[in-house]
Amino acid sequence: MRDWLRTLIAGYGAYKWGGGCLGTVVVFLLIYWALGHC
């Protein structure tokens, strides 16, 4: 998966599911890591 697409998807997921500043960062990192291992 391309890095820019992976970042875009992770950013969107973090925006939708992150519950605050720290929660958004954690969700972003989890999604980014998960997409990197697919």
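Worth saying up front: this structure is predicted, and the values here are computed from it rather than measured.
- A continuous path of hydrophobic side-chain contacts links I31 to W4 [ILVMFWY only; heavy atoms under 4.5 Å].
- Both V27 and L5 are assigned to one and the same hydrophobic cluster, defined by single-linkage of ILVMFWY side chains at heavy-atom distances under 4.5 Å.
- Rounding to the nearest 0.5 Å gives a distance of 12.5 Å between CG of D3 and CG of L8.
- Placement of L35 and W17 within a single hydrophobic cluster is found when ILVMFWY residues are connected by side-chain heavy-atom separations under 4.5 Å, directly or transitively.
- Y32 and F28 have parallel rings, their planes meeting at less than 30° on a 0 to 90° scale where 60° marks the start of perpendicular.
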